[in-house]
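When reading the values below, keep in mind they use all heavy atoms of this one structure, side chains included, and skip hydrogens, waters and symmetry mates. Keep in mind it's a predicted model, so treat the numbers as computed, not measured.
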Amino acid sequence: IDRSFPLSLFEGISRIPNVELISLHKGEGESQIDDINFTITTLGADFDSGDDAFVDTAAVMMNCDLIITSDTAIAHLAGALGRITWVALKHVPDWRWMLGRPDSPWYPKMSLYRQERRQNWTNVFARIERDLTNLILKGEV
């Protein structure tokens, strides 16, 4: 599947002034939060539990300046809500993301950050960190 990346890759982003990382992730991989050496806000065990899945997630997204995610339901929810979303994609992504383009025809506020080489997430996150720093410097987020 190879679409997941280690949470530790957010460390550089966490050091950008005035950035707060909020975890919207539930389930497998959530335990990585215990192993990082930077701060991530978590929303507790009751977050998005119950019959109305994604209602809490959607509400949090509406209050975020930017959503950074992998190819998960989070990406599609954020895109459908019209939120500014950056998606980190594996080298050969799911067909929905097409090839050779930095955007999505279905989600106008979405940018796609593609692996240049299989299994290399470092370059993807270096570009995300650079672009986020530039947005902040321009006052766009």
Side-chain angles (χ1 to χ4, degrees), residues 1-136 138-141:
I1 199 161
D2 297 332
R3 65 181 178 169
S4 298
F5 47 76
L7 183 60
S8 60
L9 289 170
F10 280 92
E11 185 172 2
I13 295 166
S14 76
R15 293 188 177 136
I16 299 172
N18 301 315
V19 168
E20 177 184 5
L21 296 175
I22 301 170
S23 176
L24 299 174
H25 183 77
K26 300 277 289 188
E28 188 177 333
E30 197 172 3
S31 62
Q32 290 183 55
I33 292 172
D34 298 334
D35 299 327
I36 58 172
N37 61 355
F38 54 93
T39 302
I40 279 193
T41 300
T42 57
L43 303 169
D46 291 337
F47 173 70
D48 233 352
S49 62
D51 296 336
D52 295 324
F54 286 133
V55 170
D56 292 342
T57 300
V60 172
M61 285 179 174
M62 295 306 293
N63 291 285
C64 292
D65 294 315
L66 170 66
I67 291 99
I68 300 172
T69 185
S70 62
D71 177 8
T72 63
I74 294 291
H76 294 282
L77 178 61
L81 290 170
R83 305 308 298 158
I84 299 170
T85 307
W86 294 356
V87 182
L89 294 174
K90 66 183 185 173
H91 186 64
V92 179
D94 184 78
W95 66 269
R96 292 169 190 88
W97 304 116
M98 299 179 215
L99 297 173
R101 60 185 300 160
D103 62 346
S104 167
W106 299 286
Y107 305 126
K109 292 187 177 182
M110 185 172 283
S111 297
L112 306 177
Y113 289 80
R114 299 172 181 277
Q115 283 181 339
E116 294 170 1
R117 289 189 337 265
R118 189 171 181 268
Q119 298 292 332
N120 186 345
W121 291 110
T122 305
N123 288 343
V124 171
F125 276 83
R127 291 192 318 268
I128 288 172
E129 186 177 342
R130 179 201 65 216
D131 289 354
L132 179 55
T133 300
N134 288 336
L135 278 182
I136 292 170
K138 292 178 187 175
E140 295 181 14
V141 289

Checklist entry - Do His25 and Gln32 have side-chain heavy atoms sitting under 4.5 Å apart? => result no
Side-chain polar contacts of residues 59-71 - donor-acceptor pairs under 3.5 angstrom, sequence neighbours left out - could you list them?
| residue | atom | partner | partner atom | Å |
| --- | --- | --- | --- | --- |
| Asn63 | ND2 | Ala59 | O | 2.9 |
| Thr69 | OG1 | Thr72 | OG1 | 3.4 |
| Asp71 | OD1 | Trp97 | NE1 | 3.1 |
| Asp71 | OD2 | Trp97 | NE1 | 3.1 |

Checklist entry - Between the main-chain N or O of Ala88 and the side-chain N or O of Arg3, is there a donor-acceptor pair closer than 3.5 Å? => result no
Item to check | Pairwise distance CD(Glu129) to OG(Ser14) - rounded to 0.5 angstrom | outcome: 8.5 Å
Item to check | Contact summary for Ile136 and Pro17, nearest pair of heavy atoms | outcome: CD1-O, 4.2 Å
Next on the checklist: Holding to ring-ring contact (aromatic ring centres under 6.0 Å, His included), I want the full list of residues that pass it with Phe125, two or more places apart in sequence or in another chain.
Outcome noted: Phe5, Phe10
Checklist entry - Is the count of non-hydrogen atoms from other residues, nucleotides or ligands lying under 6.0 Å from Arg117 atom CZ greater than 12? => result no
Checklist entry - Does Arg114 offer a backbone N or O that forms a donor-acceptor pair with the side chain of Arg127 under 3.5 Å? => result yes
Checklist entry - Given side chains that start at C-beta, do those of Leu132 and Val141 come closer than 4.5 Å, heavy atoms only? => result yes
Checklist entry - Looking at CZ of Arg130 and CG of Leu135, how far apart are the two atoms once the value is rounded to the nearest 0.5 Å? => result 11.0 Å
Checklist entry - Which residue, Asp103, Val87, Ile84, forms the side-chain contact (heavy atoms from CB on, under 4.5 Å) with Met110? => result Val87
Checklist entry - To the nearest 0.5 Å, what is the distance between CG (Asn123) and CD1 (Ile128)? => result 11.0 Å
Next on the checklist: If I compare all heavy atoms of Leu77 with all of Ala58, which pair ends up nearest, and what's the gap?
Outcome noted: CD2-N, 4.0 Å
Checklist entry - Hey, what's the ring geometry for Trp86 with Tyr113, parallel, tilted or perpendicular (30° and 60° as the breaks)? => result tilted
Could you go through residues 35-42 and list every donor-acceptor pair under 3.5 Å that involves a side-chain atom there, pairing it with any protein atom two or more places apart or in another chain?
| residue | atom | partner | partner atom | Å |
| --- | --- | --- | --- | --- |
| Thr41 | OG1 | Glu20 | OE2 | 2.7 |

Checklist entry - Under 6.0 Å from the CG atom of Asn18, do we count more than 12 heavy atoms belonging to anything else shown? => result no
Checklist entry - How close do Ser23 and Ile33 get, heavy atom to heavy atom, and via which atoms? => result OG-CD1, 4.0 Å
Item to check | For the student: nearest non-hydrogen atoms of Arg118 and Gln115, plus distance | outcome: CA-OE1, 3.7 Å
Next on the checklist: Test your reading of the model: is there a side-chain donor-acceptor pair from Thr57 to the backbone of Phe54, 3.5 Å cut-off?
Outcome noted: no
Checklist outcome for this item: What one should report as the nearest heavy-atom pair of Met98 and Pro105 is CE-CG, 3.2 Å
